[in-house]
Amino acid sequence: MKAIPQTPGENLTTQSGLSEAQVWQRADLRLAQPDWLAEEVPVALVYNGISHVVMMTTPKDLEAFALGFSLSEGIIDAPEDIFGMDVVPGCHGIEVQIELSSRRFMALKAQRRALAGRTGCGVCGVEQLDQIGKPLAPLPFTQTFALAQLDRALGQLKDYQPVGQKTGCTHAAAWIQPDGQLAGGCEDVGRHVALDKLLGYRSQSSWGEGAVLVSSRASYEMVQKSAMCGVEILFAVSAATRLAVEVAERCNLTLVGFSKPGRATIYSHPQRLI
């Protein structure tokens, strides 16, 4: 999960998430120099032959992304609902072809029919907060976390951003163990995709107690995706939106923003924190 970036001049593929480019710096516009860019490509998630969504992502950890997205969006209940998966590069992007169980595919088709008549984007036209996103069952209160361990976790976050360290262009999502050690992490140009990748890896790992740490702000989608996968505590490096806090309060998720060395702002359910 923790990729090692190549150095300039080595043979690169898009699966590294990096490509080399020539750039000019303000200090000297006459001399072009090599630099790194983060790859961003369209990735289509195709369920049983039907394209469901196209996302712009960094083209690595795509199996984990597809699995995490399927879980966090309620398309599947468990990894076992996916019978097979193939990553197929094409001329205009990448397809992740996913074979769903018949039960889950029928539910997905019913969901698509329900959405077919909607217009606009995002949550436009939604009349009540309860209609936003997926129904969320209240989370249990089984986790605790000592805030004294947060600084240790923050210090390790860049270790899981090899593309970001070279380009300054990615978000990270990581799983913090109770002792502050990061069990694993993922990066992507999109913060939601980085979280989906992490949730996909988590669903197939032995990670037990702990929390999610993201390098971005906490939008309501980040809270919703975490809660859909049973995450009880979400730390964000930046701020949380009002809607994110409302969703966190409703589903019993402990939401923490401005997670920086020596600092944390708790927005909801502080009883899990020590």
Side-chain angles (χ1 to χ4, degrees), residues 1-2 64 68 71-72 78 129 133-161 164 170-188 191-192 194-274:
M1 184 183 315
K2 191 174 173 181
L71 287 164
S72 69
L129 180 60
K134 304 289 185 293
L136 295 173
L139 291 164
F141 286 84
T142 66
Q143 302 293 307
T144 59
F145 188 85
L147 288 172
Q149 303 296 341
L150 180 58
D151 291 0
R152 181 183 182 191
L154 289 165
Q156 302 169 55
L157 193 56
K158 286 187 177 179
D159 293 343
Y160 294 91
Q161 291 178 274
T170 66
H171 289 291
W175 183 257
I176 317 175
Q177 299 179 121
D179 63 356
Q181 183 70 30
L182 296 187
C186 299
E187 66 177 333
D188 199 272
R191 64 183 188 274
H192 303 101
L195 178 58
D196 278 331
K197 288 178 177 179
L198 177 74
L199 295 173
Y201 274 120
R202 177 176 174 262
S203 72
Q204 296 186 312
S205 302
S206 59
W207 304 341
E209 297 181 350
V212 166
L213 170 64
V214 296
S215 64
S216 63
R217 66 183 176 92
S219 62
Y220 94 91
E221 299 100 328
M222 304 289 274
V223 171
Q224 181 171 275
K225 284 178 178 290
S226 298
M228 284 288 291
C229 294
V231 173
E232 296 184 31
I233 305 170
L234 173 62
F235 291 98
V237 168
S238 190
T241 66
R242 177 65 219 176
L243 185 54
V245 174
E246 291 178 11
V247 174
E249 288 174 341
R250 285 194 299 125
C251 70
N252 292 347
L253 182 138
T254 297
L255 178 59
V256 184
F258 297 109
S259 302
K260 298 177 181 179
R263 183 182 177 189
T265 299
I266 297 91
Y267 296 104
S268 62
H269 301 290
Q271 59 267 44
R272 289 192 181 94
L273 302 175
I274 302 168

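None of these values were measured; they are calculated from a predicted model.
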Legend entry - Salt bridge flag under 4.0 Å for residues Arg242 and Glu246: yes
Legend entry - Donor-acceptor contact present, side-chain Gln143 to main-chain Gly210, <3.5 Å: yes
Inset, instruction - Please round to the nearest 0.5 Å and tell me the distance separating atom CG of Leu255 and atom OG1 of Thr265. - result: 10.0 Å
Inset, instruction - Answer yes or no: is there a donor N or O on one side and an acceptor on the other, between the side chain of Ser238 and the main chain of Ser216, under 3.5 Å? - result: no
Inset, instruction - Report the distance from atom CZ of Phe235 to atom CG of Leu147, rounding to the nearest 0.5 Å. - result: 5.5 Å
Inset, instruction - Output yes when a side-chain donor or acceptor of Arg191 lies under 3.5 Å from a complementary backbone atom of Met222, and no otherwise. - result: no
Legend entry - Considering all heavy atoms, the nearest Tyr160-Gly185 contact: CD2-N, 3.3 Å
Legend entry - Leu253 backbone acceptor or donor facing Ser268 side chain under 3.5 Å: yes
Legend entry - Closest approach of Ala172 to Leu157 (non-hydrogen atoms, all atoms of both residues): CB-CD1, 4.0 Å
Inset, instruction - Check each of His171, Lys197, Gln161 against Asp188 using the side chain to side chain donor-acceptor pair (under 3.5 Å) test, and report the only one that passes. - result: Lys197
Legend entry - Leu198 side chain reached by Val214 side chain, heavy atoms, under 4.5 Å: no
Legend entry - Considering all heavy atoms, the nearest Leu154-Pro261 contact: CD1-N, 3.6 Å
Legend entry - Check: Leu199 and Leu71 side chains under 4.5 Å, non-hydrogen atoms: no
Inset, instruction - Could you tell me the separation between the NZ atom of Lys225 and the CG atom of Leu234, rounded to the nearest 0.5 Å? - result: 12.5 Å
Inset, instruction - Please round to the nearest 0.5 Å and tell me the distance separating atom CD1 of Ile176 and atom CD1 of Ile233. - result: 8.5 Å
Legend entry - Side chain to side chain, Gln224 and Leu136, heavy atoms closer than 4.5 Å: yes
Legend entry - Distance, nearest 0.5 Å, that separates CG of Leu182 from CG of Asp159: 8.0 Å
Inset, instruction - Would you check if Tyr267 and Val256 make a side-chain contact, meaning some heavy-atom pair closer than 4.5 Å? - result: no
Inset, instruction - Can you measure from CZ (Arg152) to CG (Asp179) and round to the nearest 0.5 angstrom? - result: 5.0 Å
Inset, instruction - Quick one: closest heavy-atom pair of Ala227 and Cys251, and the distance? - result: CB-SG, 3.8 Å
Legend entry - 4.5 Å side-chain heavy-atom contact, Glu232 and Pro140: yes
Inset, instruction - Could you tell me whether the side chain of Arg272 reaches within less than 4.5 Å of the side chain of Leu139, counting heavy atoms only? - result: yes
Inset, instruction - Please check if the side chain of Glu187 supplies one atom and the backbone of Gly164 the other of a donor-acceptor pair under 3.5 Å. - result: yes
Legend entry - Any Leu195 side-chain heavy atom under 4.5 Å of Ser72 side chain: no
Legend entry - Ser259 to Leu150 - nearest heavy-atom pair and separation: CB-CD2, 4.0 Å
Legend entry - Over all atoms of both residues, closest heavy-atom pair of His269 and Asn252: NE2-CA, 3.3 Å
